[in-house]
**Student:** 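First the structure, which I've put down as structure tokens, then a few questions once you've had a look.
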Amino acid sequence: MESTDVAIETTQLLRWIILFPLLGAILNGIILRLKSTKLAGIVATAASLAAFVASFMAVTRWGFSLEGASLVYDQWFMWFQSGKVSVPFWLEYTPISGIMLLVVTGIGSLIHIYSISYMEKEVGGYRFFTYLNLFLVAMLTLVLGSNLVTVFLGWEGVGLCSYLLIGYWFTKTENAQAGMKAFITNRIGDLGFLISIFLFLAYAGTLQIQELNHLGPQFFSALPSWVLPAALLGLFWAATGKSAQFPLYVWLPDAMAGPTPVSALIHAATMVTSGIFVIVRVWPLFASQPEVLNVVFWVGIFTAWLAALIALTQNDIKKVLAYSTVSQLGFMFTALGAGAPEAALFHVLTHAFFKALLFLGSGSVIHGMHHEQDMRKMGGLAHHMKFTHWTFVIGTAAIIGFPFTSGFFSKDLILAHALSRGMVPYALLLTAALMTAFYMLRAYSMTFMGKPRSDAADHAHESSPLMLIPLGVLSIGSLFMGWIQTPHFMGGGHLMETAVKSSWGGAEAMKPFAEHKISVGGEILMILAVVALILGVAYYSFKVYREFQSKKFISPAERAVGPTTAAPFINASQNKFFVDEAYDLIFVRPLRFLSGAFFRIVDETGINGLLHGMRKSLDFSSGILSWAHTGNVQTYAWYLAAGAAILLIFVGRVLL
Amino acid sequence: MQILTYVLVALSIMSGLGVILSRSAVVSAMSLMVTMFLTGLLYFSQGSYFPAVVQILIYAGAISVLFIFIVMLLDLKPSRVLIPSRKIVVFFAVLAGLFFAFSLMFLILPGVSRSSLVGELMSSEGDVGLFNAKSISLNLLTKYMLPFQATTLLLLAAMMGAILIGRAGRKKED
Amino acid sequence: MNTEIYIVTGVVLFVLGVIGFLSRRSALIALMSLELMLNGTNLCLISFSRFHGNSEGGSLFLLIVLVAAAEAALALSILVSLYRTSGSVDLDDFRLLKG
Amino acid sequence: METLELNLNGAQLRALLPIFFLCAMVLVSLVSSGYRIRGSLQRSLGLFSFVVFVILNFINLPYPDTAILGTSLFVGMLTKVSSIVVGVLAAAACVFVDEEDHPEWLPLLSIAVIGLSLLVGARDWVSFFIYLETFSMPSYVLASLRLKKDGGFESGLKYLMMGAFSSAIFLLGITLVYGFSGSFDFLSILETIRSANPESPVGLLYAGFSLIVVSIGFKVALAPFHMWAPDVYQSAPAAMASFLASAVKFAVFVAAFAAFSQTGILQIPFLQASMSAFGILSILVGNLMALRQSNLRRMIAYASVASAGNAALVFAVGPVGLNSVLVYLAIYGLNIVALFALFEWAARENGLPSSSQADLGCLSRAIRGKPLAMTALGIVLFSLVGLPPLPGFFGKFLIIRDLLRADLFIEAGALLLGSLLSLAYYLKIFVPIALETGAIDGKKAALAGPSSTGSLAGFYFATLLLMVAGFSLAGYFNLVGDTSLFLR
Amino acid sequence: MTALLFLLIPTVSSVLLLLFHRNRVMAQWVNLVFNFLWAAGLFKLWMEFRVQPETSVFPIWFSWDWAPFIGSRFSLAIDGLNFPLLALNVVLSLSLAFYAIGHEKLSASYLALFSFLNAASVGSLMAADAAAFYLFWELMLIPMYFLIGKWGSKNRIYASLKFFGFTMAGSLLLLGAIVYVGLNSPSLGWHDLKEQRWVFDGWFSPQALLFLGFLAAFAVKIPVWPLHTWLPDAHTEAPTGASVILAGILLKLGVYGIARWCFVLFPEASLASSTFMMGLGVVGVILGSLSAMAQKDIKRTIAYSSVAHLGFMVIGLFALREESIQGALFQNLAHGLSTGALFLIFGMIYDRTHTRELKDYGGLATKNGVLATLFLFSAMASIGLPGLPGFVGEFLVLSGSFVTNPWLTILAMSGILLGAVYMLSAMKKILYGEVSPTLEAHPVVLKWSEWMAIAPMVVLMLILGLMPQGFLKLSESAVLGMLSVFK
């Protein structure tokens, strides 16, 4: 460590947070390999709970605001070191890590519990729980890692687990395909992460996050001006992969092929937010680069908009939630881009709760419907699944920003920051929020309202208590989590702000953009207007879709949005704006073509062709030579005489 | 004397041509004998009497006769020098020969005419003692004793070969 | 009398032999050409020997005669046997081994 | 007039003893062949005489160099070592002589050995020529020993006619050299060259040397004068062919190298260059032609053309290259003898009368399932390829070292390229033997042919000798020490 | 003496194994015993290696004056550069010995050739003399030629010839260079040659040509693009064991050779060729990966993945920085294990199904979950997932080369992505989806010995991935010593 005036506290607690789930994974995956899914689930849940307890201990020990500028390290072991590259496997506690720890282990544990019931009919479900535990290991490494490579280890680790879990039902090729798509898309992003690492290594000479924070903009301003932006853009590029932003978001909707608890844990609550988390960790660097933040900002807005548009017309309940996730992640990036890491992280937190809730709720529905995910075949489930229904209502309320639910606070914070960057972004973001209200109410209404539209819906059953308890807990979180960080005029908590600010190891982050002061009254007015708009849209959507009938609504979105002139647009939205097809056309096919072409042209025709050509020319020349060997002794003698004559002539030339 | 030498040279070359141009093997063999004889005379003309005698006795007398015997023995039909398929062979052979001759002359003549080689051969009378049977035999019996002895092995081998092969050829007829 | 004329004669005889050896179809005549070549060589040899005034050339000449005789004898015996077995002494007929 | 000096002192007699012994054995074997004794007995007699010949030369090794009768024989280290190698090769060839062959092979072979071992010691062109003929004459007969079978007549006639033709050229060459210097003695010729003035008829000298080079090129089968070699190696009896391909090539090369360096041919850059040009041509032609051969012996014949090319490259290095030529060709000779014995054995196993028509299928039918033979074959072939630590590697290594030391990169490159090309046909041999598992086309004839044990023994014997040669290399270099001692 | 012992154990075993050519099963067990003996030898080597002073440069353990006439001593030396590879060789060989147990095709002669191959490869690793090095370098060809040519699949003869021809072409240039290098040196020993300084001014100067001569052999072996086309054929046609050793050891010898010989003997030329060679490495990475994508044959895919990975190693070597060279050397081990494991596992599957076509596979995970997991594990190790050894190697390589040449490094990084593409596509096809008729017809149930074969590799991969530091430390002083010639 470079000598700073920062006090360093060492501990050995943090490693246990990782070791417990690792132990669980080893037990489940290698040693026990239980036949009973339930028992395996219990083992895994125990491991997860143990990690939660350890996390809790850590949080109680250091809290959400580190005094002054102290660092907490668990200096575990030296991973590898060579020359300039030094990668210690150290774990670090920062307040934001603390928050993430609680989210990951807490929500993780809930989802473990939920899964015990959800997966009980699986044969060999121990595999599932092994993967879940492994995911926790990786995610916690990501959260706790003290340097970029350790973070990267977790980063790729969660990618691997996501790959495994998406493709959990691997007998269907599409599932395996979706897993692969996720992994590869993430890898595209990871290249950015690596480039960023290499840039930091080459120019700053260190990969310890806090050291980078300490070096700060002053250090980097001495280097070529492109270095820091490039490195940060690399990180952001990686984040667009992991956190499903445009252009790399395409894997997330497909990732819904995995079991629903996985979607809840990985593809909603934890993994997909790691991009935001990592950016917040090196925020002092980002804060010094407004241009980079601008990119982040607009990508966030665009993604929020695009995903919301697509979500409007999806019929698969999990797809709606998936696009909603993409859209919400876009909100978070917008917050980052607007220079408000606390807002982004706050939304991460609240989103973790309500989105996990929504996913688990939809999981409960799907479970009740015997793995039917098409909303057009649902309807009227409110009667059959009362508890699930009410938790889903809470989740929906939270996500659309119903006043005083958690989503209300976080989303309004983001909107406020967006406003400070100008009216246009604000308007765009607001539209996205309105669309959120529309599609969420649409999903809610189609699922729970009206009459059952299929036998399965008619005979749907409420899920077991083991699945409902997590729903309950998450509902509570979704309702009240917002109060930890409230608008200034409400005077409530500002835990996020303090946590974020004390997470940089004492380094200061500058304000990237000028503060835009709005009067308290104006702010309240604005919030009220927003709430009114949102509720209006929500009510409209509710009204339209409450009586949704599958026969009548062959193209339900068409009816929803209005006249037929919009039909092409709806078609496009339903088909996700053909982004997948475009990627296929622009990247996948050319790559496949190139690979075949290169192999055939360079290897087979070129190099091997050259070799065969050489062999042929050898054959040919030996054929010619063979023709010269006539077998007639006089020919032989002729060569002798001619050879002698030629030699004599040459001698003559040389000599005379 | 000089004219005589030129005549001998011309004659020997002509008979040499006869060897390679004649259609009949008998004519060739006779021409060979004549060439040998003329060469012997050329030795005489430069005063190398002993080699001349040897040449005429052994070469012209024995080896050529051996050829003639064989020609008679085999009773060969006259063969044409130029049959269609051989034209190209002949062409190339002559080409190679001319090149050979040309390059040899090219190399030898300037050297010979430029150097101390130009000039009269030593007179045939003055140094008979130096270049006669005795001096040659002395060489063979002292300096070249070992090669000379080795020729016995050589002849033995040739003899054995001739016997072996001749016997084998005869066996066929049996 | 200068040496030149003898040398030239010797070389010409030699080359005549070469041409004969290369071009004549009959093995017998080819062998005769070979003798012609040796004869040409001998002429050169004797002339050189005579010129240098030492008898070494003469010694070699004797040995050449000996070798030539041996070679001729061996070659002719092969020829005779060949003629007996295949009825021909044409070199064109002996090209089983080639390529 | 020189004094008549025919007294040989003790040292000279001792130096000549191996030759005398072999001359005696020529007579003995002549008598024994006259009585048509059993083939195996003749073989033992041959083995005995060559082994004793080798031993006598070994005994002679430590004694100082001796010149005998002026320039006609110089018994130095080179002569003795070469005699040993030639004797060993002859002995190895003896082991697998066909018992059905005419028993005259032994006296003929002995005469050839005498000629070869004398050849290396020749220090003037007359002796050189006579020794050359002394081994050539029996060689012609040995090549046509098979007579009517396998084209023996044809190859014998070709060999003889070509040999005589090249002899004539050789003679013209030494005549011209004599014309220049007035002497046949190597050293006097060198003296004359050194003292030559612009007026000297150097054209004679150069023309003579060129012709000598060409005819020596013929004797060692350098391209483009190599064409007799495949015919002869294919149709002569296997043992004799192996002798021609190994011992003759070895001795002529070494003798030529000694003669060339002493008489100044190797001091003439152009002739050095032309020698290496012939070498490069041989490497190309030999390897390319070997690629397309299906007949095993013909293939090896072409391969040996390429090896002759390898050795010829060293002429460009000058006198210091003698050692590498010697080692390379000695080892190469053993390889060749082993291969010929193996082919003969394979042919016998297949019921063929001789290996003249043996092809790869024939060999693989015979050798499959015989691990020892296959291992030995592997040793021989990989030695030919030049894989370390097999002896063939050291030969090549020494040659390359000499070439590179003289900065002859093109020659070294040609050698390496040739080695690469040679892989194609050497490795081809393994394909049906060790790699393919299916049955081989054609069938094994009923075992009506003559006994095959002798050839197998010959194969193992030669392989063993090969390994011994490899192991004794260090000792050999200890013995000869500085290479400049070699040439006086 | 221990070094010699270590070399002699496989040599002796190869001879002894021939004695059992009538009893296959016996030979397989004897082979296993010998491999354990060899492992014990390795342990003894380790005990002595550990106490060897760090300052000693390539210390000679054994020396024998075997060929003074060419200026060569047969000397063996061990330092941090070659010791890990020796260990890898033993591990792989032990694995394969387990794999061989009960295998019907692997006869005594196969095992004997294998032991011979082992001897040759450790010999060339330990050789501290150019001629001895060349000796072992060439000796590797013979067993490999027969292993591929005899025990391979349909096209094996073509493949073995191609292998031999390519390698020999490179080796001959090496031979020429070795001979030339030794001309003015007191001996061919590594330490003597190191003292020689050859003139370097332009690409026709002696040092450059010598460097190219050495490089030719190593580049063919690695193989550096465009000299790589023998590798897919050889890998594809070779029997499983040969593929494993080919990927695990033989290719590594090229990397090792460059580090051991090229860099130390010809520093200026190495430096001058750095960018070009890195460029070739990049081309290898990209074209290798692309070609791997285009393959329909599983072994070919893995083979092309080797081309790509070895491209990374070339980049690492020629970046000429401590971390990148360390990375390349570490990648040696990582790739040896991961690709070795891939070949081994697929070999076991192939033993049962007898098809290499990708389209014949599917749903292995349903039939044999554990094997599928291990297969996937190896694939992940191969594509450089953090926590597995491939990552450490690639990371170090790229972090070093990024400093030397960032643009080439960024180009090379596309290989990381493409690697994931082809490897995961293949895995998806093999492991997932419906069970294919082939797998339905030929159940893949492994014997205990086969599990024993995979186990050590997997365990080692985990250890290397999570705790690479020990291995990096092992070679640190050697690499630093090597790099000192560039100053």
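A note on names: the letters A, B, ... follow the listed sequences, proteins ahead of strands, and every chain is numbered from 1. Since we're looking at a predicted model, the values are computed, not measured.
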**Student:** Taking C-beta and beyond as the side chain, do B/Val89 and C/Leu22 meet within less than 4.5 Å on heavy atoms?
**Tutor:**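 Result no, sub-4.5 Å side-chain heavy-atom pair not found.
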
**Student:** Report yes if the side chains of B/Leu73 and C/Tyr83 come closer than 4.5 Å at any heavy-atom pair, otherwise no.
**Tutor:**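 No, their side chains stay 4.5 Å or more apart.
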
**Student:** Can you say whether C/Phe21 sits under 4.5 Å from chain B via the side chain, the backbone, both, or neither, judging by heavy atoms?
**Tutor:**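 Answer is neither: C/Phe21 stays 4.5 Å or more from chain B.
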
**Student:** Any sub-3.5 Å donor-acceptor pair from C/Arg50's side-chain atoms to B/Ser48's backbone N or O?
**Tutor:**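 No: the side chain of C/Arg50 does not pair with the backbone of B/Ser48.
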
**Student:** In Å and rounded to the nearest 0.5 Å, what is the CG to CG distance from B/Leu74 to C/Leu76?
**Tutor:**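 Going from the CG atom of B/Leu74 to the CG atom of C/Leu76 covers 8.5 Å.
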
**Student:** May I ask you to name which of B/Thr35, B/Leu95, B/Ile58, B/Leu8 has the most heavy-atom pairs under 4.5 Å with chain C?
**Tutor:**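 Winner by heavy-atom pair count: B/Thr35.
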
**Student:** Which heavy atom in B/Val19 sits nearest to a heavy atom in C/Ser33, and how many Å separate them?
**Tutor:**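 B/Val19 and C/Ser33 have their closest heavy atoms at CG1-N, 4.5 Å.
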
**Student:** Side chain, backbone, both or neither: which part of B/Met105 has a heavy atom under 4.5 Å from chain C?
**Tutor:**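 Side chain only.
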
**Student:** Looking at C/Leu16, C/Leu31, C/Val8, C/Ile78, which makes the most heavy-atom pairs under 4.5 Å with chain B?
**Tutor:**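 Ranked by contacts with chain B, first place is C/Leu16.
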
**Student:** Can you confirm whether B/Phe92 sits close enough to C/Ser23 that some side-chain heavy atom of one is under 4.5 Å from a side-chain heavy atom of the other?
**Tutor:**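 Heavy-atom side-chain distance check fails, nothing below 4.5 Å.
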
**Student:** Would one find more than 12 heavy atoms of other residues, nucleotides or ligands at under 6.0 Å from atom CE of B/Met160?
**Tutor:**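 More than 12 within 6.0 Å, yes.
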
**Student:** Spell out, as yes or no, whether a donor-acceptor pair under 3.5 Å connects the side chain of C/Ser81 to the backbone of B/Ile165.
**Tutor:**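 Side chain of C/Ser81 to backbone of B/Ile165: a pair is present.
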
**Student:** For the CG atom of C/Leu28 and the CZ atom of B/Phe67, what is their distance to the nearest 0.5 Å?
**Tutor:**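 One finds 6.5 Å between CG of C/Leu28 and CZ of B/Phe67.
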
**Student:** Chain C heavy atoms under 4.5 Å from B/Leu104: which part of the residue, side chain, backbone, both or neither?
**Tutor:**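 Just its side chain gets close to chain C.
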
**Student:** Chain B heavy atoms under 4.5 Å from C/Leu62: which part of the residue, side chain, backbone, both or neither?
**Tutor:**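 For C/Leu62, side-chain heavy atoms alone lie under 4.5 Å from chain B.
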
**Student:** So, taking the atom named CE in C/Met32 and the one named CD1 in B/Ile70, what distance separates them when rounded to the nearest 0.5 Å?
**Tutor:**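 The distance works out to 9.5 Å.
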
**Student:** Please look at B/Ala29 and chain C and tell me whether the side chain, the backbone, both or neither of the residue comes under 4.5 angstrom of a heavy atom of that chain.
**Tutor:**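 Both parts, backbone and side chain.
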
**Student:** With respect to chain C, which residue among B/Pro147, B/Ser137, B/Ala158, B/Ala93 yields the maximal number of heavy-atom pairs within a distance under 4.5 Å?
**Tutor:**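 So the answer, after comparing B/Pro147, B/Ser137, B/Ala158, B/Ala93, is B/Ala93.
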
**Student:** Tell me which of these, C/Leu79, C/Leu66, C/Val18, has more heavy-atom pairs under 4.5 Å with chain B than the rest.
**Tutor:**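 Max contact count across the listed options: C/Leu66.
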
**Student:** Between C/Leu36, C/Val11, C/Val12, which has the largest tally of heavy atom pairs under 4.5 Å with chain B?
**Tutor:**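 The option with the most such pairs is C/Leu36.
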
**Student:** Between B/Leu154 and chain C, with a heavy-atom cut-off of 4.5 Å, which part of the residue counts as in contact: side chain, backbone, both or neither?
**Tutor:**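 For B/Leu154, the side chain is the part near chain C, not the backbone.
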
**Student:** Counting only non-hydrogen atoms closer than 4.5 Å, does B/Ile163 touch chain C with its backbone (N, CA, C, O), its side chain (CB onward), both, or neither?
**Tutor:**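 B/Ile163 has no heavy atom closer than 4.5 Å to chain C.
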
**Student:** Report the C-alpha distance between B/Phe50 and C/Phe61 in whole Å, list the side-chain angles of each, state the deciding distance to 0.1 Å, and finish with yes or no for ring-ring contact (aromatic ring centres under 6.0 Å, His included).
**Tutor:** CA-CA 11 Å; B/Phe50 179 62; C/Phe61 165 74; 8.2 Å; no

**Student:** Rounded to the nearest 0.5 Å, what's the gap from CE on B/Met36 to CD on C/Glu35? Could you check?
**Tutor:**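 One gets 5.0 Å once the value is rounded to the nearest 0.5 Å.
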
**Student:** Might you point out which heavy atoms bring B/Ser22 and C/Ile29 nearest each other, and give the distance in Å?
**Tutor:**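 Minimum heavy-atom contact is O-CD1, 4.5 Å.
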
**Student:** If we define contacts as heavy-atom pairs under 4.5 Å, which of B/Ala162, B/Ala157, B/Ala52 has the most with chain C?
**Tutor:**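 Highest number of heavy-atom pairs under 4.5 Å: B/Ala162.
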
**Student:** Roughly how far apart are B/Ile136 CD1 and C/Ser59 OG, rounded to 0.5 Å?
**Tutor:**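 B/Ile136 CD1 to C/Ser59 OG: 6.0 Å, rounded to 0.5 Å.
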
**Student:** Out of B/Phe148, B/Tyr144, B/Phe100, which one racks up the most heavy-atom pairs below 4.5 Å with chain C?
**Tutor:**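 Among B/Phe148, B/Tyr144, B/Phe100, the one with the most close pairs to chain C is B/Tyr144.
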
**Student:** Between C/Leu63, C/Val67, C/Asn42, C/Leu60, which shows the greatest number of heavy-atom pairs under 4.5 Å with chain B?
**Tutor:**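 Highest number of pairs under 4.5 Å: C/Asn42.
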
**Student:** Does any backbone or side-chain atom of B/Ala96 lie under 4.5 Å from a heavy atom of chain C? Answer side chain, backbone, both or neither.
**Tutor:**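 Contact with chain C: side chain only.
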
**Student:** Compute whether any side-chain donor of one residue and acceptor of the other, for C/Ser47 and B/Tyr43, lie under 3.5 angstrom apart.
**Tutor:**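 Result is no, nothing qualifies.
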
**Student:** Working to the nearest 0.5 Å, report the span between CZ of C/Arg24 and OG of B/Ser28.
**Tutor:**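 C/Arg24 atom CZ to B/Ser28 atom OG measures 5.5 Å (nearest 0.5 Å).
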
**Student:** Output the option from C/Leu13, C/Asn39, C/Val65 having the highest count of non-hydrogen pairs under 4.5 Å with chain B.
**Tutor:**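 Top count of heavy-atom pairs under 4.5 Å with chain B: C/Asn39.
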
